Asks: 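Take this structure first; my questions come after.
The residues of the chain are indexed from 1 along the displayed sequence. Computed from a predicted structure; not experimentally measured.
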Amino acid sequence: MELIHSGKVRDVYADGDELILVASDRVSVYDVVLPTRIPDKGKILTQLSLWWFEQLADVIPNHVVSATDVPAEWAGRAIRCRRLSMLPVEWIARGYLTGLGLKEYQKDGTVSGIALPDGLVDGSRLPEPIFTPTTKATEGHDEFITYADVVREIGEDTAARLKDVTLEIYRRGAALAAERGIIIADTKLEFGRAADGTLVLGDEVLTPDSSRFWPADQWEPGRPQHSLDKQFVRDWSSTLDWDRTPPGPAIPQEVVDATRARYIEVYERLTGTPWTS
């Protein structure tokens with residue numbers, strides 16, 4: 001197999017007409033891959049994505065061909081999947097205001113051109129989930145764009161369809177998570193086209209790398225929330241005297257252990273299955 005792309009977390013190999021998507025234990029913050037790995041992280045991302053792909057199979061087709069027909073050394077952390085032509089948009093749904101969405105709101109009361117009520121604070125629940133797309137930058141950082149920008153980029157029919165799908169995936173995921181005592185504050189999705197033109201959900205879905213998960217019983221608007229996701233590493237890195245350029249700082253062992261524990265907790269609470277590495 002040929003390595004055709006190595007991303008911040010995933011490596012992509014070509015295997016004939018299909019791809020092998022391998023999730024590593026690497027972790028990135030501010031688009032910088034840190035030198036320390038989080039044990040089991042790649043396996044948790046893969047297994048949780050597979051679980052969600054199954055829950056959401058009736059919403060839109062996904063890229064999974066097999067979770068078992070992969071090289072033995074990548075068992076548990078790799079997916080055999082369809083080749084897709086990925087769309088140049090990050091498809092983001094938000095049900096709560098935090099992170100970059102909060103910063104955007106604080107500028108002029110909008111996110112991706114959507115006007116929001118006055119007086120919202122960190123962790124505020126939005127009146128309804130909103131679609132807040134961004135660019136998919138190959139270098140630098142993603143930038144907020146509007147729905148009109150997406151229409152200009154990929155056409156009205158595709159934009160409308162995937163906006164609806166993004167919000168439906170968020171609503172379905174958030175409702176299921178709520179039953180398990182977890183708030184999904186926001187999530188990022190990726191879509192592509194299969195060879196026959198079908199729109200397909202790819203990459204990962206509703207994981208601690210692509211979403212913000214908060215314990216519902218600890219939610220308190222007006223302050224940073226207790227996170228069960230990558231935000232814990234971001235928060236640690238923000239306390240350092242670091243200019244957010246490579247090479248990133250090494251992660252202390254106590255932060256590694258706490259991050260791994262959060263990923264395992266959200267996996268077990270969502271799936272109802274004990275984690276076995």
Asks: Look at the side chain of Y105 and the backbone N and O of L120, then say whether any donor-acceptor pair between them is shorter than 3.5 Å.
Replies: yes
Asks: Tell me if a side-chain donor or acceptor on R80 pairs with a main-chain N or O of D69 at a distance below 3.5 Å.
Replies: yes
Asks: Name the one of D209, D40, D229 that satisfies side-chain hydrogen bond (donor to acceptor under 3.5 Å, both in side chains) with Y263?
Replies: D209
Asks: Test your reading of the model: is there a side-chain donor-acceptor pair from Q225 to the backbone of R223, 3.5 Å cut-off?
Replies: yes
Asks: In sequence, state the C-alpha distance, the side-chain angles, and the governing distance for K41 and V9, and then conclude on side chain to side chain contact (heavy atoms under 4.5 Å, CB included).
Replies: CA-CA 10 Å; K41 175 175 177 283; V9 173; 3.8 Å; yes
Asks: Quick one: OG on S6 to OH on Y13, what's the gap to the nearest 0.5 Å?
Replies: 7.5 Å
Asks: Which distance, rounded to the nearest 0.5 Å, do you find between the CZ of R37 and the CD1 of I251?
Replies: 9.5 Å
Asks: Would you please test S227 and R234 for side-chain hydrogen bond (donor to acceptor under 3.5 Å, both in side chains) and show each step?
Replies: CA-CA 11 Å; S227 65; R234 292 192 197 99; over 6 Å; no
Asks: If every non-hydrogen atom of I154 is compared with every non-hydrogen atom of P88, which pair is closest and at what distance?
Replies: CG2-CD, 4.1 Å
Asks: Can you tell me if CD on E268 sees more than 12 non-hydrogen neighbours from other groups inside 6.0 Å?
Replies: yes
Asks: To the nearest 0.5 Å, what is the distance between OH on Y96 and CG on L102?
Replies: 15.0 Å
Asks: Do R82 and D196 meet the salt-bridge criterion of a basic N to acidic O distance under 4.0 Å?
Replies: no
Asks: Report yes or no: does S49 contribute a side-chain atom to a donor-acceptor pair with the main-chain N or O of V205 at less than 3.5 Å?
Replies: yes
Asks: Enumerate the side chain to side chain donor-acceptor pair (under 3.5 Å) contacts for residues 167-177, please, sequence neighbours excluded, ordered by first and then second residue.
Replies: D58-R172
Asks: Please name all residues satisfying side chain to side chain contact (heavy atoms under 4.5 Å, CB included) with P252, sequence neighbours left out, ordered by chain then number.
Replies: W236, E254, V255
Asks: Could you tell me whether D25 and R77 make a salt bridge, using a distance below 4.0 angstrom between a side-chain N and a carboxylate O?
Replies: yes
Asks: Is there a side-chain hydrogen bond (donor to acceptor under 3.5 Å, both in side chains) between T146 and D149? Walk through the geometry before answering.
Replies: CA-CA 5 Å; T146 66; D149 294 325; 3.1 Å; yes
Asks: Using modelled atom types only, decide if a donor and an acceptor are shared between the side chain of K136 and the backbone of L87 within a distance under 3.5 Å.
Replies: yes
Asks: Between W214 and D217, is there a donor-acceptor pair closer than 3.5 Å when you use the side chain of the first and the backbone of the second?
Replies: no
Asks: Quick one: do E265 and R262 make a salt bridge, cutoff under 4.0 Å?
Replies: no
Asks: NZ of K188 to CG of L206: how many Å apart, nearest 0.5 Å?
Replies: 12.5 Å
Asks: Tell me whether the rings of Y147 and F131 are parallel (<30°), tilted (30 to 60°) or perpendicular (>60°).
Replies: perpendicular
Asks: Does atom CZ of R180 have more than 12 heavy-atom neighbours, drawn from other residues, nucleotides or ligands, at distances under 6.0 Å?
Replies: yes
Asks: Between R83 and D17, does the salt bridge (charged side-chain N to carboxylate O under 4.0 Å, His left out) criterion hold? Intermediate values first, please.
Replies: CA-CA 7 Å; R83 287 180 181 262; D17 293 334; 5.6 Å; no
Asks: Is a side-chain donor or acceptor of T158 paired with a backbone partner of G155 at a separation under 3.5 angstrom?
Replies: no
Asks: How long is the gap from CD1 on I20 to CG on D15, to the nearest 0.5 Å?
Replies: 5.0 Å
Asks: Please determine whether the number of non-hydrogen atoms from other residues, nucleotides or ligands lying under 6.0 Å from atom CD of E54 exceeds 12.
Replies: no
Asks: When you check the gap from the basic side-chain N to the acidic O, do R260 and D257 get nearer than 4.0 Å?
Replies: no
Asks: Assigning hydrophobic clusters by single linkage (Ile, Leu, Val, Met, Phe, Trp, Tyr; side-chain heavy-atom cutoff under 4.5 Å), is L100 placed with Y30?
Replies: no
Asks: Checking side-chain hydrogen bond (donor to acceptor under 3.5 Å, both in side chains) for the pair T187/S211: CA distance, chi angles, key distance, verdict?
Replies: CA-CA 4 Å; T187 196; S211 314; 2.7 Å; yes
Asks: Hey, is the main chain of S112 close enough, under 3.5 Å, to the side chain of E104 for a donor-acceptor pair?
Replies: no
